[in-house]
Amino acid sequence: MRKPDGKIVLLGDMNVGKTSLLQRYMERRFPDTVSTVGGAFYLKQWRSFNISIWDTAGREQFHGLGSLYCRGAAAIILTYDVNHPQSLFELEDRFLGLTETANNDCLFAIVGNKVDLTMERDTEGGEKEGPASGKVGSCVSTKVPKQVQPEDAVALYRKILKYKMLDEREMPAAEQMCFETSAKTGHNVDLLFETLFDLVVPMITRQRAEESDQIVDIASCKTPKQTRSGCCA
Ligand SMILES: Nc1nc2c(ncn2[C@@H]2O[C@H](COP(=O)(O)OP(=O)(O)OP(=O)(O)O)[C@@H](O)[C@H]2O)c(=O)[nH]1
Ligand SMILES: [Mg+2]
């Protein structure tokens, strides 16, 4: 198997839908999942590049493994559940610290999943039923007002850049890197992964160019003229 050219890692609390997002993207379906143990990865070919996408366990007992999975990551997807504010707080409290092992120029995406369970906000700031809502003709809606707003995710993104001492002007804009998704309906799932692939590919190309600059071409190096040694000239 060819070595992956770049690595993307999904992090976030248990049950937020990391495995479901990855399966929706890679397998185009929304199967039943079981809580992840350790981690697992998929390989995605994007143009001529091989990108590994790592799914990690959100359960506390596997927390120590997180920084191992993040080692050398080009991008990290910090995932929360739009219906559980605690899952957004956990990203800052528990998961951000795991990303120290990622590349220095690692990109961050903040992803609020399970948006299919929520009502959309209307223009007056009230709530209205989302397009993929309940059944037609049904008077009972199971949808709830969204608990975490996109602005909260944008604020976290900006905080992360500050924490990592990254210049906001040199990084992708918060609006480009904060997503609301549904692994169930597929809403924004392709957009999320493919935005990241398109951002990661130039980083890989740049890294390769830097590496090849550092390679010394031994054959072209001139060796000093050899002299015969001896006691009599
Ligand atoms: N309605 C809805 N349910 C979802 C969505 N994504 C995931 N789920 C459900 O949420 C539960 C947890 O999903 P997982 O993908 O296993 O969550 P996880 O983040 O991988 O959890 P861990 O592996 O324990 O860290 C499952 O019952 C999924 O079917 C979504 O977008 N909408
Ligand atoms: Mg999982």
Side-chain angles (χ1 to χ4, degrees), residues 7-44 52-70 73 75-99 108-121 127 129-136 138 140-150 152-153 156 178-196:
K7 181 182 187 184
I8 296 178
V9 183
L10 281 146
L11 284 185
D13 208 355
M14 64 180 285
N15 221 32
V16 296
K18 300 176 296 297
T19 303
S20 304
L21 282 168
L22 195 47
Q23 293 196 339
R24 163 60 74 191
Y25 182 67
M26 293 300 298
E27 296 178 9
R28 322 306 292 171
R29 61 198 187 101
F30 180 65
D32 285 342
T33 54
V34 286
S35 188
T36 305
V37 172
F41 73 95
Y42 279 91
L43 268 186
K44 171 77 184 174
S52 60
I53 316 171
W54 284 82
D55 180 23
T56 62
R59 271 194 279 169
E60 193 107 42
Q61 68 194 100
F62 297 111
H63 192 63
L65 295 174
S67 56
L68 276 181
Y69 291 119
C70 288
I76 291 177
I77 301 173
L78 292 166
T79 318
Y80 66 95
D81 176 343
V82 290
N83 307 296
H84 287 101
Q86 186 58 31
S87 66
L88 185 78
F89 302 142
E90 292 284 324
L91 291 179
E92 192 181 345
D93 282 2
R94 197 151 69 87
F95 292 97
L96 191 55
L98 302 177
T99 64
F108 291 88
I110 316 281
V111 175
N113 190 40
K114 304 198 189 182
V115 82
D116 58 283
L117 296 175
T118 66
M119 288 183 243
E120 280 175 13
R121 269 191 299 185
E127 307 290 346
E129 197 78 21
S133 61
K135 300 153 201 141
V136 177
S138 157
V140 183
S141 170
T142 53
K143 297 214 167 195
V144 291
K146 202 189 290 169
Q147 300 293 305
V148 186
Q149 302 306 329
D152 304 323
L156 176 62
C178 296
F179 300 82
E180 285 191 333
T181 58
S182 166
K184 185 172 180 177
T185 66
H187 179 71
N188 277 347
V189 176
D190 288 357
L191 179 73
L192 161 68
F193 285 102
E194 293 173 3
T195 299
L196 286 180

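One-based numbering, in listed order, for ligands and for the atoms of each.
At least one N or O atom of G58 sits closer than 3.5 Å to an N or O atom of ligand 1. Among the atoms of T181, none of the N or O lies under 3.5 angstrom from an N or O of ligand 1. For R59, no nitrogen or oxygen atom sits less than 3.5 Å from a nitrogen or oxygen atom of ligand 1, counting backbone and side chain alike.
Checked by atom type and distance alone, the side chain of S182 never pairs as donor or acceptor with a backbone atom of H187 at under 3.5 Å. Judged by distance alone, with hydrogens and angles left aside, the side-chain atoms of T56 form a donor-acceptor pair with the main-chain N or O of L10 at under 3.5 Å. Using a distance-only test at 3.5 Å, with no hydrogens or angles considered, a donor-acceptor pair links the side chain of K143 to the main chain of D116. With D81 contributing its side chain and N15 its backbone, the two residues share no donor-acceptor pair below 3.5 Å.
Of all the heavy atoms in K18 and D55, the pair that sits closest is CB-OD1, 3.6 Å. Nearest heavy-atom pair across T36 and R59 is O-NH2, 4.1 Å.
Counting non-hydrogen atoms of neighbouring residues, nucleotides and ligands closer than 6.0 angstrom, the NE2 atom of H63 exceeds 12 such neighbours.
Close approach of ligand 1 to K184 (heavy-atom distance below 4.0 Å) involves ligand atoms 1 (N), 30 (C), 31 (O), 32 (N). Listed by number with element, the atoms of ligand 1 under 4.0 Å from a non-hydrogen atom of A57 are 25 (O). Of all the atoms in ligand 1, the ones that sit under 4.0 Å from a non-hydrogen atom of M14 are 21 (O), 22 (P), 24 (O), 25 (O). In summary, the atoms of ligand 1 found under 4.0 Å from a heavy atom of T36, numbered by their order in the structure, are 22 (P), 23 (O), 24 (O). Atoms of ligand 1 lying under 4.0 Å from at least one heavy atom of L117, given by number and element, are 1 (N). Near N113, meaning under 4.0 Å from any of its heavy atoms, are these atoms of ligand 1: 5 (C), 6 (N), 30 (C), 31 (O).
S35 OG, 2.5 Å is the protein heavy atom nearest to atom 24 (O) of ligand 1. The nearest heavy-atom contact from the protein to atom 17 (O) of ligand 1 is G17 N, 3.2 Å. Residue, atom and distance of the protein heavy atom nearest to atom 7 (C) of ligand 1 are S20 OG, 3.3 Å. Protein heavy atom nearest atom 27 (O) of ligand 1, with residue, atom name and distance: T33 OG1, 4.5 Å. When hydrogens are left out, the protein atom nearest atom 31 (O) of ligand 1 is A183 N, 2.8 Å; that is the closest non-hydrogen contact. Here the heavy atom of the protein found nearest to atom 10 (O) of ligand 1 is K114 NZ, 3.0 Å. For atom 32 (N) of ligand 1, the nearest protein heavy atom (residue, atom name, distance) is D116 OD1, 2.7 Å. Atom 11 (C) of ligand 1 has N15 OD1, 3.4 Å as its closest protein atom, hydrogens excluded (heavy atom only).
The CG atom of L91 lies 8.5 Å from the CG atom of L96; values are rounded to the nearest 0.5 Å.
Among the backbone and side-chain atoms of T19, an N/O/S atom is found under 2.8 Å from the Mg ion (ligand 2). Taking 2.8 Å as the threshold, M14 does not count as a candidate ligand of the Mg ion (ligand 2), since none of its N, O or S atoms lies below it.
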- Decide side-chain contact (heavy atoms from CB on, under 4.5 Å) for M26 and F193; before the verdict, give the C-alpha distance in whole Å, the side-chain angles of both, and the deciding distance to 0.1 Å. CA-CA 10 Å; M26 293 300 298; F193 285 102; over 6 Å; no

- Kindly indicate, with the supporting measurements, whether the criterion side-chain contact (heavy atoms from CB on, under 4.5 Å) is fulfilled by L192 and Y25. CA-CA 9 Å; L192 161 68; Y25 182 67; over 6 Å; no

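Judged purely by distance below 3.5 Å, without hydrogens or angles, the side chains of E90 and Y80 never pair a donor atom with an acceptor atom.
Within the structure, ligand 1 has S182 among the residues with a heavy atom less than 4.0 angstrom away.
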